[in-house]
Colleague: 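Can you read through this structure? Questions will come right after.
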Amino acid sequence: MKHVERHPAQTLDAPTPAPPNTTDPNTTDGRPGSPAPHVALDWDGQRISTLDLFGSGYVLMATKPGGHAWMEAGRLVKDRLGIQLTRLLVNDELLDVDGRFPEQYGVRGGGAVLIRPDGYVAWRSPDSDPNPAATLEHVLRQLLNH
């Protein structure tokens, strides 16, 4: 069986039991420190993978319903910190072809996930947050050592 090592550096998550150091890439759940999982998406009629979205700056992905608050938070925080942050709303501009995004990334409607430029999950919020801008800014400041 093929295993993938987790990369805990530059990851944040709510307190949870410590995951094992390796994981089967076919069962990844978007836990911070693990590689971002593949999910098939449709973007303007073209089929792509979530993996095609990573490699140039941080990527914030949120789900509908409720994800608009994370998109606005991402806009505000990107401007405040002067960083490259791509904001993508699943099932709005990107369609989850097989309905697997919530399960694969461990987020529900209103949740969000932050992917590092190297394609690893940096942080996630499984559900909506009462103050997404403050939460996201805190997370990014910690990740970037600001």
Side-chain angles (χ1 to χ4, degrees), residues 4 6-20 23-146:
V4 175
R6 293 190 188 273
H7 289 257
Q10 293 190 331
T11 62
L12 300 170
D13 199 10
T16 57
T23 184
D24 177 349
N26 297 317
T27 60
T28 184
D29 64 356
R31 184 181 300 272
S34 67
H38 158 75
V39 172
L41 301 171
D42 180 287
W43 195 348
D44 281 338
Q46 183 170 352
R47 193 165 177 134
I48 64 168
S49 168
T50 49
L51 304 180
D52 298 328
L53 304 171
F54 315 132
S56 179
Y58 283 89
V59 176
L60 177 68
M61 299 177 75
T63 60
K64 283 179 73 177
H68 291 289
W70 286 111
M71 296 297 99
E72 178 61 16
R75 185 189 65 76
L76 292 170
V77 172
K78 173 183 176 177
D79 292 345
R80 279 187 205 145
L81 300 181
I83 62 167
Q84 184 173 350
L85 176 67
T86 301
R87 300 166 293 124
L88 299 167
L89 187 58
V90 176
N91 290 326
D92 186 54
E93 58 203 317
L94 297 169
L95 298 179
D96 182 1
V97 174
D98 300 319
R100 295 180 54 230
F101 184 85
E103 177 185 347
Q104 290 294 307
Y105 281 85
V107 296
R108 294 174 281 286
V113 61
L114 183 67
I115 310 299
R116 299 185 328 217
D118 64 2
Y120 279 77
V121 178
W123 166 88
R124 70 177 172 188
S125 176
D127 296 300
S128 60
D129 186 283
N131 193 344
T135 298
L136 185 60
E137 184 169 352
H138 174 76
V139 164
L140 281 164
R141 283 188 183 281
Q142 285 190 308
L143 291 170
L144 299 169
N145 297 315
H146 276 214

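Below, all heavy atoms of this structure are taken into account, side chains as well, without hydrogens, waters or symmetry copies.
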Colleague: Please determine whether the number of non-hydrogen atoms from other residues, nucleotides or ligands lying under 6.0 Å from atom CD of E93 exceeds 12.
Modeller: yes
Colleague: Whether the H68 and E72 side chains hold a donor-acceptor pair (N or O, under 3.5 Å, no angle test) is what I'd like checked.
Modeller: no
Colleague: Please list, chain by chain and in numerical order, all residues satisfying side chain to side chain contact (heavy atoms under 4.5 Å, CB included) with A133, sequence neighbours excluded.
Modeller: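 By the side chain to side chain contact (heavy atoms under 4.5 Å, CB included) rule, A133 matches A73, L76, N131.
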Colleague: Quick one: pull up CG in D129 and OG1 in T135 and give me the separation to the nearest 0.5 Å.
Modeller: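 Separation between the atoms: 3.5 Å.
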Colleague: So, for D92 and L95, which heavy atoms are closest and what is the spacing to 0.1 Å?
Modeller: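 Taking D92 first and L95 second, the nearest heavy atoms are O-CD2, 4.2 Å.
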Colleague: Can you measure from CG (D127) to CZ (R108) and round to the nearest 0.5 angstrom?
Modeller: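 Rounded to the nearest 0.5 Å, the CG-CZ separation comes to 4.0 Å.
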Colleague: Only counting residues at least two apart or in another chain, list the ones meeting side chain to side chain contact (heavy atoms under 4.5 Å, CB included) with I83.
Modeller: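 I83: side chain to side chain contact (heavy atoms under 4.5 Å, CB included) contacts with L81, L85, L140, L144.
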Colleague: Nearest 0.5 Å please: distance from the NZ atom of K64 over to the CG atom of N91.
Modeller: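 One finds 7.5 Å between NZ of K64 and CG of N91.
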Colleague: Report yes if the side chains of L94 and L89 come closer than 4.5 Å at any heavy-atom pair, otherwise no.
Modeller: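 No - every pair of side-chain heavy atoms lies 4.5 Å or more apart.
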Colleague: Using only atom types and a distance under 3.5 Å, with no angle test, would you say the side chain of W70 pairs donor to acceptor with the backbone of G110?
Modeller: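 Checking the backbone N and O of G110 against the side chain of W70, a donor-acceptor pair under 3.5 Å is found.
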Colleague: Any side chain to side chain donor-acceptor pair (under 3.5 Å) pairs touching residues 46-55, not counting sequence neighbours?
Modeller: H38-S49, T50-Y105
Colleague: Determine whether L53 and W43 make a side-chain contact, defined as any pair of heavy atoms from C-beta on separated by less than 4.5 Å.
Modeller: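 They are in side-chain contact.
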Colleague: What heavy-atom pair brings V39 and F101 nearest, and what distance separates the two atoms?
Modeller: CG1-N, 3.9 Å
Colleague: Please report the closest heavy-atom contact between A112 and V107, naming both atoms and the distance.
Modeller: O-CG1, 3.6 Å
Colleague: Report the distance from atom CG of L114 to atom OH of Y120, rounding to the nearest 0.5 Å.
Modeller: 16.0 Å
Colleague: Between atom NE2 of H138 and atom CH2 of W123, what is the distance when rounded to the nearest 0.5 Å?
Modeller: 10.5 Å
Colleague: With rounding to the nearest 0.5 angstrom, report the CD to CD distance, E137 to Q142.
Modeller: 11.5 Å
Colleague: So, are R100 and D96 salt-bridged, with charged N and O less than 4.0 Å apart?
Modeller: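 No, R100 and D96 are not salt-bridged.
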Colleague: Might you point out which heavy atoms bring R124 and G106 nearest each other, and give the distance in Å?
Modeller: NH1-CA, 3.5 Å
Colleague: If every non-hydrogen atom of V97 is compared with every non-hydrogen atom of L41, which pair is closest and at what distance?
Modeller: CG2-C, 3.5 Å
Colleague: Heavy atoms only: give me the nearest R87-M71 pair and the separation to one decimal.
Modeller: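 Closest approach of R87 to M71, heavy atoms only: NH1-O, 3.0 Å.
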Colleague: Tell me, do R116 and Y58 make a side-chain contact under 4.5 Å, heavy atoms counted?
Modeller: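 The answer is yes; the side chains approach within 4.5 Å.
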